[in-house]
Amino acid sequence: MFKKIDHVEIVTDQLDRSVEFYTGILGFKQRFRDSVPQPGGGGSLEIVYLDLGTTAIELLDYGKPAEPAPQKLQLGYRMMALEVEDMVRALGYLKTKGIEPVWGPVFRESYARAEIRDPNGYHIELRQWFP
């Protein structure tokens with residue numbers, strides 16, 4: 001009945017900058033872009049779907065300034081995580097793009113973990129699993 005998680009939504013007020021970050025730096029591919037009327041006649045909603053392997057994110061821009069969600073420990077969804085082949089190499093590549101980790105990296109027996117931020121300030125976990 002249920003097949004997979006189709007996508008994760010990210011609300012942004014910097015759509016083009018976010019698309020460039022996810023496609024140009026993290027390697028997502030743009031599936032499609034659309035503009036749809038907002039419910040209640042409040043202008044248009046810009047939507048971009050981006051794929052990475054079999055996962056996807058949907059960037060949403062409501063066309064008005066928005067406050068970023070506070071970064072605090074709370075119940076509910078926290079962040080998405082991207083699996084990397086090699087943590088040291090991934091962080092070295094990101095550094096050449098001006099992106100520094102905001103947490104980690106931490107190396108444990110079975111994994112390595114770090115966090116970066118996207119242009120909206122949202123945290124993205126980077127995870128490397130060791131065999």
- Item | Pair listing, side-chain hydrogen bond (donor to acceptor under 3.5 Å, both in side chains) test, anchored in residues 54-63, at least two apart | His7-Glu58, Tyr49-Glu58

- Task: Determine which pairs satisfy side-chain hydrogen bond (donor to acceptor under 3.5 Å, both in side chains) with at least one residue from residues 96-107, sequence neighbours left out, and list them in order.
- Result: none

- Item | Check: Asn120/Ser18 side-chain N/O donor and acceptor closer than 3.5 Å | yes

- Close side-chain approach of Ser44 to Val36, heavy-atom, < 4.5 Å: no

- Output the distance between atom OH (Tyr22) and atom CG (Leu52), rounded to the nearest 0.5 Å. 11.0 Å

- Query: Nearest heavy-atom pair of Ala112 and Met87: which atoms, and what distance?
  - Reply: O-CE, 3.5 Å

- Applying salt bridge (charged side-chain N to carboxylate O under 4.0 Å, His left out) to Asp16 and not counting sequence neighbours gives Arg33

- Approximate separation, where rounding is to 0.5 Å, of Leu59 CG and Gln14 CD: 11.5 Å

- Message: With rounding to the nearest 0.5 angstrom, report the OH to CD distance, Tyr122 to Glu115.
- Response: 15.5 Å

- Query: Taking it one step at a time, do Gln128 and Leu126 satisfy side-chain contact (heavy atoms from CB on, under 4.5 Å)?
  - Reply: CA-CA 7 Å; Gln128 178 185 357; Leu126 302 177; over 6 Å; no

- Message: Side-chain heavy atoms nearer than 4.5 Å, only ILVMFWY residues, links allowed to pass through others: does that put Ile25 and Val88 together?
- Response: yes

- Are Leu60 and Phe21 co-members of a hydrophobic cluster defined by side-chain heavy atoms under 4.5 Å apart? no

- How far does CD1 of Ile47 sit from CG of Asp34, to the nearest 0.5 angstrom? 6.0 Å

- Message: According to a hydrophobic-cluster definition based on side-chain heavy atoms being under 4.5 Å apart (Ile, Leu, Val, Met, Phe, Trp, Tyr only), do Phe28 and Met79 belong together?
- Response: no

- Taking every non-hydrogen atom, the tightest pair across Phe130 and Phe107: CZ-CD2, 4.1 Å

- Query: Given the rule in the side-chain contact (heavy atoms from CB on, under 4.5 Å) test, do Ile10 and Met80 qualify, once you have shown the distances and angles that lead to the verdict?
  - Reply: CA-CA 10 Å; Ile10 299 173; Met80 73 171 163; 4.1 Å; yes

- Query: Please walk me through it: do Val102 and Ile116 pass side-chain contact (heavy atoms from CB on, under 4.5 Å)?
  - Reply: CA-CA 5 Å; Val102 294; Ile116 61 171; 5.7 Å; no

- Quick one: do Lys29 and Asp51 make a salt bridge, cutoff under 4.0 Å? no

- Task: Find the distance between CG (Leu45) and CD (Gln38) and round it off to the nearest 0.5 Å.
- Result: 5.5 Å

- Item | By salt bridge (charged side-chain N to carboxylate O under 4.0 Å, His left out) - contacts of Glu85 (at least two apart) | Arg89

- Under the salt bridge (charged side-chain N to carboxylate O under 4.0 Å, His left out) test, which residues partner Glu125, sequence neighbours left out? Arg113, Arg127

- Message: Evaluate Leu94 against Leu26 for side-chain contact (heavy atoms from CB on, under 4.5 Å), listing each step before the verdict.
- Response: CA-CA 9 Å; Leu94 290 169; Leu26 297 184; 4.1 Å; yes

- Message: Counting C-beta onward and ignoring hydrogens, is there a side-chain heavy-atom pair between Val11 and Glu9 closer than 4.5 Å?
- Response: no

- Looking only at heavy atoms, which two atoms of Ala56 and Arg31 are closest? And how far apart? CB-NH2, 3.4 Å

- Message: Please enumerate all residues that pass ring-ring contact (aromatic ring centres under 6.0 Å, His included) together with His123, with sequence neighbours excluded.
- Response: none

- Return yes if a side-chain donor-acceptor contact under 3.5 Å exists between Thr23 and Gln30, otherwise no. no

